[in-house]
Amino acid sequence: MKKWECTVCGYIHIGDEPPDECPVCAADKSQFVEVIEETPATGTTETAAVEQEEPIPPQPASPPSLLVKIYTLASALIVKHHLHPIMVHTPNGIVPMALIFMLITTWFALPLFETAALFSLVFVLISMPLVLFTGYVMWQQRYRGALTSIFKIKIGASIATVILLLTLIIWRAVQPDIVTTASTGRWVFLGGALLLVGCVGIAGHYGGKLVFGSRKD
Ligand SMILES: [Zn+2]
């Protein structure tokens, strides 16, 4: 039995061959490398006990610009302090609440909840640049920016989230009584809000799979 590591997400597979697809990040077979367990060998000059030298970071040809320096520092902080999982609580927590508030308005004729839902969606939209930026940095830093199907789904769900947020907010601005007044349009609007919950849910589900699916650290 051999040990194979997914170079995208770190998933470890035990078997004679690497899997056709990583069960965590959906990277294909070619992304797996065999993990060679170092065993203390007798009769050789080099053993596993020899301490590994610190890898020498690549030296840039010219001094990095201020923008690059800021990006590098921000990236390190985002990864170290898990800012993406923190930021995704905004859409994942608030969007379902906004939908529930809209439903309360339609069922119990309480327009105040609809106003709260609108403010909630605006707040989520404002937070989206930071959600997307921290997600981009995590993808680049931790998963080498690999474009496997799981990342395509996450990117697609994020784009759909922004489009749906903009659509619902603009629609509500143009037609302020869309949720408070009974009409076919109201159900289409609520359907859009439900779709939005689905999009943030999918992005969150696959994010959780990436974080908890493989790593022991
Ligand atoms: Zn993987």
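Order of appearance sets the numbers: ligands from 1, and atoms from 1 within every ligand.
Protein N/O/S atoms found under 2.8 Å from the Zn ion (ligand 1), listed by chain and residue number: Cys6 SG, Cys9 SG, Cys22 SG, Cys25 SG.
Using cut-offs of 30° and 60° for the angle between ring planes, the His13 and Tyr11 rings count as tilted.
Scanning both residues, Trp139 and Leu147, for their nearest heavy atoms gives CZ2-CD1, 3.7 Å.
Taking Thr161 as the reference, nothing meets the side-chain hydrogen bond (donor to acceptor under 3.5 Å, both in side chains) condition, with sequence neighbours excluded.
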Pair up each side-chain donor or acceptor in residues 183-202 with any protein partner under 3.5 Å, not counting sequence neighbours, and list the distances.
| from | atom 1 | to | atom 2 | distance (Å) |
| --- | --- | --- | --- | --- |
| Ser183 | OG | Gly185 | N | 3.4 |
| Ser183 | OG | Arg186 | N | 3.2 |
| Arg186 | NH1 | Val179 | O | 3.1 |

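Judged purely by atom type and a 3.5 angstrom limit, Lys69 has no side-chain atom pairing as donor or acceptor with the backbone of Pro63.
Pairs engaging residues 104-131 under the side-chain hydrogen bond (donor to acceptor under 3.5 Å, both in side chains) rule: Glu114-Arg172 [sequence neighbours left out].
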